[in-house]
Amino acid sequence: AGCSVVAALTVSSLRAIDPNWKTPYMQHWSFDVQRQLTSKTLMTMGYYGSKGTHLIGSFEKNLVQPGRALTTQCAAGAEYYTQTTPTPTLVACQAAGRPFYSSTEETILDQIRPYRGFRSIATVEPRFNSNYHSLQVTGQHRFTGASQINVSYTWSRNMTDSQNDRSSSPMNTYNTRLDYGRAALDRRHILSMNFIYELPFMKAQKDWYEKAFGGWQMSGIITFNSGLPFTATVSGYDPTGMGIIPPPTTVGRGFVTCNPNEGARRSQQAWFNTGCFVLVPNSGTSGIGTDMPNAGRSIIEGPPTKRVDFTMSKNLILSERFRVQFRAEAFNIFNIVNFRSLSLVVPSVSGAATSTFGRVTAVRDPRVMQFGVKFNF
């Protein structure tokens with residue numbers, strides 16, 4: 001039995017167009033051990049990781065710093081716009097204990113935005129980071145002829161503070177660390193098995209008996225993956241007066257009082273524990289305006305994926321030159337229900353959200369069967 005060890009390190013970078021920008025770059029590293037257990041069995045185990053630095057992403061530059069609206073005076077009503085009085089009436093930009101519920105209410109915040117005369121200023125900047133760590137195990141065993149079985153398992157964690165490169169800005173641009181969480185494609189467990197088995201006898205198909213019972217082959221793919229992460233958001237709700245209504249590229253979140261994955265029904269009507277999400281901080285309305293929503297990004301464990309694909313084929317030898325193959329294929333042969341997307345908008349007192357919060361809104365992978373004939377000559 002043989003054994004081999006492989007280690008690798010790769011660094012790739014993207015040249016920044018603006019010389020004032022930091023250069024985005026990726027680092028990849030791996031270390032794996034491969035072992036030949038028997039003449040027909042091979043196993044590989046390795047650690048694979050990567051790190052992204054200064055990655056590009058959307059960044060909203062014109063949000064008000066959380067809490068500032070409570071301690072700053074603004075011109076009331078239309079006086080700021082029409083200049084009807086030499087000395088406009090000044091009031092707190094945000095009333096204590098009261099969130100903003102609409103874009104109309106938030107027009108008063110235009111007076112204290114970093115860049116006056118503008119609302120949303122969405123840019124793409126290289127200020128984000130990511131990391132990936134995984135343990136990957138693969139095994140292969142070969143039987144007689146083309147028969148074999150392969151198994152692969154990945155245990156991984158992919159974290160980032162930006163979900164994509166241009167359409168999702170952090171909720172609080174003054175503290176992007178609050179958006180650090182699971183990446184959109186992060187799956188903790190990925191298990192995949194595939195096999196091919198062909199009858200090892202009656203291959204020559206010399207007479208009708210061998211033609212009828214020989215040449216059969218079956219194959220399949222078995223998949224078990226843990227769920228993707230999801231983020232609960234709020235609509236028409238800004239408790240800290242940042243000016244995120246309507247959302248430019250920033251989407252607000254609420255407060256959490258418990259782990260939404262614990263005590264969850266895991267049903268189509270309620271996949272996660274919706275009672276963990278509230279619109280006021282633990283301190284009550286006294287915290288409105290000062291307490292930043294603590295609901296993290298990607299804290300909801302999504303539905304897993306389970307499916308079995310199966311193929312049965314019959315290879316018929318007509319002559320030395322002509323062969324026919326009959327195939328019957330079934331994708332998700334057991335018709336396992338795989339939920340795909342969830343309703344994630346927390347119901348607000350303004351009625352901007354629906355009452356379907358927490359429900360499954362779509363499914364994937366219905367059973368599909370197909371048949372085919374292939375003629376080789």
S.K.: Report, as yes or no, whether the 6.0 Å neighbourhood of atom CD1 on Ile221 holds more than 12 heavy atoms from other residues, nucleotides or ligands.
M.R.: no

S.K.: Given side chains that start at C-beta, do those of Gln140 and Gln148 come closer than 4.5 Å, heavy atoms only?
M.R.: yes

S.K.: What's the separation between atom NE2 in His141 and atom CG in Leu37, rounded to the nearest 0.5 Å?
M.R.: 10.5 Å

S.K.: Testing the basics here: between Ser103 and Pro246, what is the closest heavy-atom pair and its distance to 0.1 Å?
M.R.: CB-CD, 3.4 Å

S.K.: For the aromatic rings, using the six-membered ring if either is Trp, is the centroid distance between Phe357 and Phe272 under 6.0 Å?
M.R.: yes

S.K.: I'd like to know whether Val373 forms a side-chain contact (heavy atoms from CB on, under 4.5 Å) with Val324, so could you lay out the CA-CA distance, the side-chain angles of the two residues, the decisive distance to 0.1 Å, and finally the verdict.
M.R.: CA-CA 7 Å; Val373 178; Val324 177; 3.9 Å; yes

S.K.: So, do Leu109 and Gln94 sit near enough that their side-chain heavy atoms are less than 4.5 Å apart?
M.R.: no

S.K.: Centroid separation under 6.0 Å, is that true for the rings of Phe195 and Tyr197?
M.R.: no

S.K.: Take Met242 and Glu60 through the side-chain contact (heavy atoms from CB on, under 4.5 Å) test and state the conclusion after the steps.
M.R.: CA-CA 11 Å; Met242 292 186 294; Glu60 179 56 53; over 6 Å; no

S.K.: Between Arg323 and Leu316, does the side-chain contact (heavy atoms from CB on, under 4.5 Å) criterion hold? Intermediate values first, please.
M.R.: CA-CA 6 Å; Arg323 302 189 178 196; Leu316 179 62; over 6 Å; no

S.K.: What residue among Val151, Leu42, Thr44, Thr154 forms side chain to side chain contact (heavy atoms under 4.5 Å, CB included) with Thr138?
M.R.: Thr44

S.K.: Does a donor on one side chain sit under 3.5 Å from an acceptor on the other, for Ser147 and Glu198?
M.R.: no

S.K.: Once rounded to the nearest 0.5 Å, what's the spacing between atom OG1 of Thr250 and atom CD1 of Ile245?
M.R.: 12.0 Å

S.K.: Would you please say whether a donor-acceptor pair under 3.5 Å links the side chains of Gln34 and Asp32?
M.R.: no

S.K.: Using modelled atom types only, decide if a donor and an acceptor are shared between the side chain of Asn332 and the backbone of Asp365 within a distance under 3.5 Å.
M.R.: yes

S.K.: Could you give the distance from OG1 (Thr123) to CD1 (Ile121), rounded to the nearest 0.5 Å?
M.R.: 9.0 Å

S.K.: Using the side-chain contact (heavy atoms from CB on, under 4.5 Å) rule, take Arg266 and Asn261 through it: C-alpha gap first, then chi angles, then the decisive distance, then the call.
M.R.: CA-CA 9 Å; Arg266 297 303 192 206; Asn261 301 303; 3.7 Å; yes

S.K.: Quick check: does any side chain N or O of Asp165 sit under 3.5 Å from a backbone N or O of Ile56, one acting as donor and the other as acceptor?
M.R.: no

S.K.: Are a donor atom and an acceptor atom from the side chains of Thr72 and Gln111 found within less than 3.5 Å of each other?
M.R.: no

S.K.: Asp238 versus Glu105: any side-chain heavy-atom pair under 4.5 Å?
M.R.: no

S.K.: When rounded to the nearest 0.5 angstrom, what is the spacing between CD in Gln217 and CD1 in Ile196?
M.R.: 6.0 Å

S.K.: Can you check whether Ile112 reaches Cys74 side chain to side chain, under 4.5 Å on heavy atoms?
M.R.: yes

S.K.: Under the 3.5 angstrom rule, does the side chain of Ser156 hit a backbone N or O of Arg187 as a donor-acceptor pair?
M.R.: yes

S.K.: Is it the case that Gln136 and Ser152 place a side-chain donor and acceptor less than 3.5 Å from each other?
M.R.: no

S.K.: Please confirm whether the backbone N or O of Ile333 pairs with a side-chain atom of Arg367, one donor and one acceptor, at under 3.5 Å?
M.R.: yes

S.K.: Do Arg127 and Asp161 come within less than 4.5 Å of each other through their side chains, counting heavy atoms only?
M.R.: no

S.K.: Is a side-chain N or O of Glu106 found less than 3.5 angstrom from the main chain of Ile244, in a donor-acceptor match?
M.R.: yes

S.K.: Any donor-acceptor pair under 3.5 Å linking the side-chain atoms of His189 with those of Tyr153?
M.R.: yes

S.K.: Within the 4.5 Å heavy-atom criterion, are Val256 and Asn294 side-chain neighbours or not?
M.R.: yes

S.K.: Taking Asp309's backbone N and O only, do any of them form a donor-acceptor pair with Glu329's side chain (distance below 3.5 Å, no angle check)?
M.R.: no

S.K.: If the plane angle is over 60° it's perpendicular, under 30° parallel, otherwise tilted; pick one for Trp271 and Phe339.
M.R.: perpendicular

S.K.: Judged by atom type as modelled, is there a donor-acceptor pair below 3.5 Å linking the side chain of Arg297 to the main-chain atoms of Asp179?
M.R.: yes

S.K.: Under a 3.5 Å distance rule, please check whether Ser58 uses its side chain to pair with a backbone N or O of Val124 as donor and acceptor.
M.R.: no

S.K.: Considering only heavy atoms from C-beta outward, does the side chain of Ser298 approach that of Gln163 to under 4.5 Å?
M.R.: yes

S.K.: Using a cut-off of 6.0 Å, state whether more than 12 heavy atoms not belonging to Lys306 lie near its atom NZ.
M.R.: no

S.K.: Any chance you could measure Asn335, atom CG, to Met369, atom CE, to the nearest 0.5 Å?
M.R.: 10.5 Å

S.K.: Quick check: do Pro260 and Ile299 have side-chain heavy atoms less than 4.5 Å from each other?
M.R.: yes

S.K.: Would you say the side chains of Tyr132 and Asp186 form a donor-acceptor pair under 3.5 Å?
M.R.: no

S.K.: Less than 4.0 angstrom from a charged side-chain N to a carboxylate O is my criterion; do Glu301 and Arg188 meet it?
M.R.: no

S.K.: Counting distance only, does the side-chain N/O of Asn62 pair as donor-acceptor with the main-chain N or O of Phe118 below 3.5 Å?
M.R.: yes

S.K.: Taking OH in Tyr115 as the centre, count heavy atoms belonging to other residues, nucleotides or ligands within less than 6.0 Å. Is the count above 12?
M.R.: no

S.K.: Taking atom OH of Tyr47 as the centre, report whether more than 12 heavy atoms of other residues, nucleotides or ligands fall under 6.0 Å from it.
M.R.: yes

S.K.: Would you say the side-chain atoms of Ser341 and Thr361 include a donor-acceptor pair closer than 3.5 Å?
M.R.: yes

